[in-house]
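For reference, the structure is listed below as structure tokens.
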2 protein chains.
Amino acid sequence: MVRTAKFQPEVFVEAAIDLIAEGGPSAATMVAIARKAGAPTGSIYHRFTSRSCVVATAWLAVHASLSTRLLPLLRAGKGMETALALTSWARESLREARFLLLNETDDLFEDTPPETLRREMQRQQEELDEAFFAFLKQEQGEEALARAKFALFDGPVALLRPHLLAGGPVPSYVDRMVMDLHQAVAA
Amino acid sequence: MVRTAKFQPEVFVEAAIDLIAEGGPSAATMVAIARKAGAPTGSIYHRFTSRSCVVATAWLAVHASLSTRLLPLLRAGKGMETALALTSWARESLREARFLLLNETDDLFEDTPPETLRREMQRQQEELDEAFFAFLKQEQGEEALARAKFALFDGPVALLRPHLLAGGPVPSYVDRMVMDLHQAVAA
DNA sequence: CTCTTTCTAGAATGGACATTCTATTTGCGG
DNA sequence: CCGCAAATAGAATGTCCATTCTAGAAAGAG
């Protein structure tokens with residue numbers, strides 16, 4: 001390398017997360033990302049081969065942040081704690097939570113990301129999925145799995161959604177609802 | 001009128017619902033709508049002033065279909081029945097359910113629809129919202145309202161979501177989960 | 001100090017899409 | 001059966017984007 005880089009890749013990734021968290025996937029145009037990073041558009045392409053590359057990298061970072069929090073609890077068989085960890089993660093990382101939980105993964109992309117990134121995304125996703133599956137040690141059946149995923153993940157996400165959409169803080173009664181939900185639905 | 005119309009407004013609205021149900025809001029381009037209706041693009045503009053007009057009309061039709069089903073039950077104070085009516089509506093109207101329940105309303109539009117349609121959308125939305133509020137006769141407080149909306153609507157929607165996304169049928173265990181959820185969360 | 005590679009800067013290109021425009025039909029009122 | 005208002009048909013326009021391109025600058029190697 002001969003000339004030092006003025007813009008690190010992270011700047012663009014952070015800008016993309018901000019924009020998507022605030023205005024949805026369509027707000028993260030290459031021009032908007034560049035502007036938010038204070039760089040010319042062209043410079044993004046010295047770090048990433050395409051828009052989907054930037055967004056996929058952002059997804060990986062945010063998903064890893066959540067996964068790191070949930071996996072140990074899930075693997076320790078602590079169902080209720082897992083569900084509550086989701087709400088506390090959302091409280092601490094409102095921006096990341098809006099990015100990840102308010103958007104269907106596919107909606108983030110217009111073009112599919114390159115093979116390598118797609119693989120890594122799938123790997124992270126499956127790592128979490130498998131932990132949900134493993135959580136149901138002996139139990140089995142479609143309904144049992146659906147109940148576990150809802151009690152631990154989809155239910156809490158649905159409880160968070162209105163507050164994430166409003167952009168406001170997550171009230172403490174959400175935790176009470178998460179607990180009630182967990183008790184009632186867990187298989 | 002001097003020349004008879006070959007394409008009725010409904011054809012375009014139905015096409016838009018189909019396209020959005022199958023491929024999300026971005027799939028409903030004016031060219032795609034026209035193609036699906038078997039009409040030239042220009043003809044759409046003899047019935048609707050803009051894309052947002054077509055989509056708003058579609059939303060009104062689908063939302064009315066759901067609302068017609070829920071309002072009487074809600075007004076009769078039948079909470080559990082309301083929650084279950086949502087899943088049975090989704091079973092009978094898979095296409096409409098995908099259109100309405102998988103998309104945030106704002107995501108359907110790129111431009112805001114004209115005043116008149118916006119008003120009517122807001123009216124229908126508020127009619128349903130107020131019924132949820134009225135459902136909690138004497139009770140009050142933010143948490144009580146959040147619980148009612150979740151037990152009766154957002155929870156069931158979250159339970160339906162994976163099946164709507166998969167495009168497949170809605171299994172009967174979803175109704176069992178809706179009942180458990182309702183009992184546990186309702187204030 | 002100069003060469004060379006990799007960067008910044010931002011203008012140019014090309015494609016997708018909503019919307020408008022120009023012909024061209026159609027079929028009812030007179 | 002004529003004339004014309006309202007439709008069809010589909011090409012043309014303008015905008016917004018992702019991506020590429022052209023110039024010029026920077027800084028470590030030698």
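What you see below is based on every heavy atom in this structure, not just the backbone, and it leaves out hydrogens, waters and symmetry mates. Reminder, nothing fancy here: chain letters follow the sequence lines and each chain counts from 1.
The CD atom of B/Gln8 sits 12 Å away from the C1' atom of D/dA7 (whole-angstrom rounding). The separation between A/Phe7 atom CZ and C/dT6 atom P is 19 Å, rounded to whole Å. The CD1 atom of A/Ile44 sits 9 Å away from the P atom of D/dA18 (whole-angstrom rounding). Rounded to whole Å, the distance from CG on A/Asp111 to P on D/dA18 is 10 Å. In this entry the distance linking OH of A/Tyr45 with P of D/dC21 reads 12 Å, nearest Å. Distance NZ (B/Lys6) to C1' (C/dT24): 13 Å, rounded to an integer number of Å.
At a non-hydrogen distance threshold of 4.0 Å, B/Pro40 from residues 19-40 of chain B come into contact with DNA chain D. Taking a 4.0 Å limit (strictly below) on heavy-atom distances, residues 46-63 of chain B reaches DNA chain C at B/Ser50, B/Arg51.
Atom CZ of B/Arg176 sits in a crowded spot, with more than 12 heavy atoms from other residues, nucleotides or ligands closer than 6.0 Å. Within 6.0 Å of the NZ atom in B/Lys78, the count of heavy atoms belonging to other residues, nucleotides or ligands does not exceed 12. The neighbour count for A/Glu127 CD, taken as heavy atoms of other residues, nucleotides or ligands under 6.0 Å away, is above 12.
Residue B/Arg3 places its side chain closer to C/dT26 than to any other of C/dT20, D/dT19, C/dT26. In this structure, the nucleotide among C/dA18, D/dA9, D/dA27 sitting nearest to the side chain of A/Thr4 is D/dA27.
A/Glu96 contributes atom CD, which lies 12.5 Å from atom CD1 of A/Ile20 (distance to the nearest 0.5 angstrom).
Of the N and O atoms on the side chains of A/Ser52 and A/Asp111, not one donor lies less than 3.5 Å from an acceptor on the other residue.
Taking all atoms of both residues into account, the shortest heavy-atom contact from B/Ala28 to B/Ile33 is O-CD1, 4.0 Å.
For the pair B/Ser43 and D/dA7, the criterion of a side-chain N or O lying under 4.0 Å from OP1 or OP2 is not met. Residue B/Thr41 places no side-chain N or O under 4.0 Å from the OP1 or OP2 atom of D/dG10.
Ring planes of A/Phe12 and A/Phe48: perpendicular class, angle over 60° (limits at 30 and 60°).
Between B/Arg47 and B/Glu10 there is no salt bridge, since none of the side-chain N atoms of the basic residue sits less than 4.0 Å from a carboxylate O of the acidic one.
A/Arg75 meets the side-chain hydrogen bond (donor to acceptor under 3.5 Å, both in side chains) test with no other residue; sequence neighbours excluded.
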